[in-house]
Amino acid sequence: MRIYSSQTHAKATFEPIEPGRVRMYVCGPTVYDNIHIGNARTFISFDVIRRWLIASGYEVTFAQNLTDVDDKIINRANEQGRTSEDVAREFSDRFIDIMRRANVLDPDVRPRATGEIGSMIGMIKSLIEQGHAYAAKNGDVYFAVRSDEGYGSVSGRRIDDLMVGARIEENEDKRDPLDFALWKAAKPGEPSWPSPWGQGRPGWHTECAAMVHRYLGVPIDIHGGGSDLAFPHHENECAQASCAWHEGFANIWMHTGMLLVDGEKMSKSLGNFFTLEEVLEKHSAAALRLLMAQTHYRSPLDFSWERLEGAESSLARIGGTADNLRWAANHATGAADPELAAGLAAAIEAARTEFRTQMDDDFNTAGAVAALFTLITEANTYLERAAGAVDAAVATDCADAIASLFATLGIELPERVSVLPRELVDVAARLVGFTGEDVDAAASAVLEARAAARAAKDWTRADAIRDELTAIGLAVEDTAAGSRIKRA
Ligand code: AMP
Ligand code: ZN
C-alpha cells in the first residue's frame, strides 16, 4: 500500500510503526453549529481510508476529538442567551448522530477538550520548563515558535515568510509575533479552569497534541484533516508535541482537498454551505458517498445538486444490476453456457484485483469505483447474452462482489427491489390456488399463470392478474433474463 504524505509531497510504501497496527487521528469539529458537507467530505474521506486499512487486515485505532470550548462556541452561546456548555452539548450530539447517518464509523476514542484540561496543563508546563513556552503578563501562555527548529516542516512554510504576514497583528504580550497561545487567560463570563497561570482555557492547537499523546502515544502513523488545517493548526500541534516529548508526532500527514461550490470553498463564513442534515433529508448517504468517492480525496471536489442526483441514479442502476443478478440466479431458465459464465467469473476477479490496486494506490476511490462500473457493464452484458439461462453461482458471486466492494467504501446499495410484500402470497392463493408462505415461490406461481394465460391468448385472465398485482403496488417487468414481479 502506498500513501501520499503532504509533508514530503510524495507517495511512499506504508509501513506502520507497529506491524499490523495503525494509530490514526483526525481533527474533529468545533461544535458550535451543524456541520456542512465540506466538513463531511473530510470526515467521510478518512472513514473510507480507515475502512480500507481495516479491510487490508490492519488493526486500526482511530481517535477524533470534539472541540467543545472555543471562541465560536462562546459567541454562539452569547448570541442565543445560552451557556457555552449547552451549545457544545447540543452540537456534539448532533454531530455524532449525523455522522452515523452518513455511515461514518464511530471513532474508537472521542475525547472532548473540556475533559482533557489536566493533560493539556501538563504538556504546557513541560513546554515552559524546556524553554519552549512562556507565561505572559496578561495571564496567557505562548509557544515560542523560534525555539522549535523544525517549525514549518508540516506545511512547508519558512519562518521568514510567515513574519511578513504576522507583523500586521502585533501583540505586546508576545515575545515574537509568530508565537501562538497555548493557554488563554479567562475573560469575564467565559468558561475557565484553574491553572498555574491563573484561571483560563486552552488554545485550540493544544488539545489535539495532548490527546494524541494520551490516547494513541507518539508518534502516530497517520494524522489527518482538511488541507485548510495544515497551517497553522497542524503545524502548531506538531511543534508542541515534538518539543514536549521529542519522539516525533505523526509519520504521515494526510490532507483532504476542499469541497467547492461554484469554484469556491464551501464555508460558514462565505455562506455558500449546505448542512449535511439538509442533504441527507433529500438524498441517501450512499449517493453522497458515491459522489465523493468519484473524486480522489486530495483533489478539490465540485459539489452540485445535479451531480448528487446523478450519483443517486447511478446507485439505483447499480442496485438494479445486483438485484437482476440475484433474481436471475434464483430463476434460471435452462442450462448455462459455461463459456459465458467463465467470462463473467474472470470479470469479477479482474474487478476485485483492480479495486485493490486502486485503493492501495493512495486510496484512489475514483479508480476503484471505475473498476466496479466496468464489472456492472460486464454483468449487464452477461444477463442479456444468457437470456435467462444463467449460471446461478457466478451470478450470485457477481452480485455479492458488487455489494461487498461498495460496502468497503461505506456505500450500502439500495434495498433489494425484489423484496416483495407478504400480500403477494394471498394474491397468489386467490389467483392460482397457491399454498405455502414463501413470497418468492408465490411470485413464481403468479408469473407462471400469467405466462400460461398469455400463451392461451386469455387476455381477460392476463389483465386480471396484472390488476391484482397493481392493487398491491406491484408490476411485472419483462427483461432479457425473463419476467419478474417488482415494486411498481
Ligand atoms: P472545523 O470545524 O472548521 O475545524 O472543520 C472540521 C473539518 O472540516 C476540518 O478538517 C476542515 O479542514 C474540514 N473542512 C472545512 N471546510 C471544508 C471544505 N469546504 N471541504 C473539505 N473539508 C473542509
Ligand atoms: Zn487538531
Test side chain to side chain contact (heavy atoms under 4.5 Å, CB included) on L290 and V369 and set out the steps.
CA-CA 8 Å; L290 177 61; V369 168; 4.0 Å; yes
When you look at CD of E149, are more than 12 heavy atoms from neighbouring residues, nucleotides or ligands closer to it than 6.0 Å?
no
Does atom CD of E79 have more than 12 heavy-atom neighbours, drawn from other residues, nucleotides or ligands, at distances under 6.0 Å?
yes
Considering only NZ, NE, NH1 and NH2 on the basic side and carboxylate oxygens on the acidic side, decide whether E412 and R289 come within less than 4.0 Å.
no
Salt-bridge present (D140, K174; N to O < 4.0 Å):
no
In chain order, what residues pass the salt bridge (Lys or Arg N to Asp or Glu O under 4.0 Å) check against R146, with sequence neighbours excluded?
D176
Lys/Arg N to Asp/Glu carboxylate O, D179 vs R175, below 4.0 Å:
no
Tell me whether the centres of the aromatic rings in F249 and H223 are closer together than 6.0 Å.
yes
Side chain of S84, backbone of I74: donor and acceptor closer than 3.5 Å?
no
Centroid separation Y58 to F14 less than 6.0 Å:
yes
Name all residues meeting the side chain to side chain donor-acceptor pair (under 3.5 Å) criterion together with R352; count only those two or more places apart in sequence or in a different chain, and write none if there are none.
D397
Checking side chain to side chain donor-acceptor pair (under 3.5 Å) for the pair T256/R298: CA distance, chi angles, key distance, verdict?
CA-CA 5 Å; T256 48; R298 279 192 280 122; over 6 Å; no
Parallel, tilted or perpendicular: ring planes of W204 versus H233, cut at 30 and 60 degrees
parallel
List the steps and the verdict of side chain to side chain donor-acceptor pair (under 3.5 Å) for Y25 and E237.
CA-CA 12 Å; Y25 183 91; E237 276 185 37; 5.8 Å; no
Residue pairs involving residues 99-129 (criterion ring pair (Phe, Tyr, Trp, His ring centres under 6.0 Å); sequence neighbours excluded):
none
Taking every non-hydrogen atom, the tightest pair across N103 and R51:
O-NH2, 2.7 Å
So which of T381, L325, I402 actually passes side chain to side chain contact (heavy atoms under 4.5 Å, CB included) with I376?
I402
